[in-house]
Amino acid sequence: MMVDALLAYFHYSAIFVFFAFLTVEAMLLRNPLDANAVRLLARVDLWYFGAAIMVVASGVLRLYWGAKGVAFYSANPMFHAKVALVIVIGILSFPPTLQYLRWSRQLKAVAHFEPPELERRRARRLVMIELHLAALLPLFGVLMARGIGY
């Protein structure tokens, strides 16, 4: 029982950190970016990636070592919807990350580089889509935990 509680705590904590870094990215992308903001955005995105890995890792640990076990989750369509949503969010996170890397390279080449407005808006749009989709993850988790979907 204690292992299940600690795994749940670890998973929830990772989710909060995940949302925090994704929200920081969205906030940074609200306005035109200067050199400092581009550097910060690249660091925040790296931490966001780390938080996403922790969310998935803690979820997998709960799947195998949690109180309900693999059989409970694997038979529930809400579990499969949640996993699919995590994959979609992961796929959507690639273009902004690649954009931040391009901006960082351009910043190294040109000291006063500022990302073009259109590129910034595209990155923000994708981050906002990720954020809104990620808001559905706890819903699927709650439905799944209560056995809804069988």
Side-chain angles (χ1 to χ4, degrees), residues 3-66 68 70 73-74 76-146 149:
V3 170
D4 186 58
L6 291 174
L7 289 174
Y9 174 76
F10 180 46
H11 192 56
Y12 299 149
S13 297
I15 290 168
F16 294 143
V17 172
F18 169 86
F19 272 102
F21 284 116
L22 191 54
T23 300
V24 170
E25 281 192 32
M27 296 301 291
L28 284 170
L29 289 165
R30 281 178 61 183
N31 299 308
L33 302 168
D34 61 10
N36 289 331
V38 170
R39 284 191 279 277
L40 179 59
L41 193 54
R43 283 194 313 269
V44 167
D45 192 58
L46 185 60
W47 282 98
Y48 164 67
F49 176 72
I53 294 297
M54 297 311 294
V55 168
V56 171
S58 61
V60 169
L61 289 174
R62 287 190 79 192
L63 176 67
Y64 288 101
W65 292 337
K68 294 183 178 173
V70 176
Y73 293 111
S74 63
N76 191 323
M78 294 299 156
F79 173 75
H80 297 284
K82 187 173 183 179
V83 169
L85 190 56
V86 167
I87 291 168
V88 168
I89 292 167
I91 291 168
L92 287 172
S93 74
F94 278 106
T97 296
L98 294 175
Q99 188 64 66
Y100 306 154
L101 293 172
R102 279 192 294 274
W103 291 343
S104 293
R105 280 194 302 271
Q106 289 173 316
L107 184 60
K108 288 177 184 174
V110 180
H112 297 293
F113 170 78
E114 290 185 13
E117 184 66 14
L118 183 61
E119 290 178 8
R120 181 193 63 79
R121 286 184 182 184
R122 283 184 187 148
R124 177 166 164 80
R125 185 178 312 116
L126 285 172
V127 167
M128 291 303 294
I129 291 169
E130 286 178 66
L131 197 50
H132 285 86
L133 289 176
L136 295 173
L137 290 171
L139 173 63
F140 286 125
V142 168
L143 295 173
M144 182 176 56
R146 283 159 181 73

Under the side chain to side chain donor-acceptor pair (under 3.5 Å) test, which residues partner [X], sequence neighbours left out?
X      : answer
Ser58  : His11
Glu119 : Gln99, Trp103
Arg122 : none
Thr97  : Asp45

Grab the two heavy atoms, one from [X] and one from [Y], that are nearest each other, plus how far apart they are.
X      : Y      : value
Gly66  : Leu7   : N-CD1, 4.1 Å
Pro96  : Ala123 : CG-O, 4.2 Å
Pro115 : Leu33  : CD-O, 3.4 Å

Nearest 0.5 Å, please: how far is [atom2] in [Y] from [atom1] in [X]?
X     : Y     : atom1 : atom2 : result
Asp34 : Arg39 : CG    : CZ    : 8.5 Å
Asn36 : Leu41 : CG    : CG    : 12.0 Å
Met54 : Phe18 : CE    : CZ    : 13.5 Å

When the side chains of residues 24-32 are checked against the rest of the protein, which donor-acceptor pairs come out under 3.5 Å, sequence neighbours left out?
| from | atom 1 | to | atom 2 | distance (Å) |
| --- | --- | --- | --- | --- |
| Glu25 | OE1 | Tyr100 | OH | 2.9 |

Donor-acceptor list for residues 77-87 side chains, cut-off 3.5 Å, not counting sequence neighbours:
| from | atom 1 | to | atom 2 | distance (Å) |
| --- | --- | --- | --- | --- |
| His80 | NE2 | Ser74 | O | 2.7 |

Taking atom CZ as the centre, does Phe49 end up with more than 12 heavy-atom neighbours from other residues, nucleotides or ligands that are less than 6.0 angstrom away? no
In chain order, what residues pass the side chain to side chain contact (heavy atoms under 4.5 Å, CB included) check against Phe16, with sequence neighbours excluded? Tyr12
Please list, chain by chain and in numerical order, all residues satisfying side chain to side chain contact (heavy atoms under 4.5 Å, CB included) with Trp47, sequence neighbours excluded. Phe21
Does Ala145 offer a backbone N or O that forms a donor-acceptor pair with the side chain of Lys68 under 3.5 Å? yes
Please list all pairs meeting salt bridge (charged side-chain N to carboxylate O under 4.0 Å, His left out) that have one or both residues in residues 94-117, counting only residues at least two apart or in different chains.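 Matches after skipping sequence neighbours: Glu117-Arg120, Glu117-Arg121.
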Table please: side-chain donor-acceptor pairs of residues 129-143 below 3.5 Å, with sequence neighbours left out.
| from | atom 1 | to | atom 2 | distance (Å) |
| --- | --- | --- | --- | --- |
| Glu130 | OE1 | Tyr48 | OH | 2.6 |
| His132 | ND1 | Met128 | O | 2.7 |

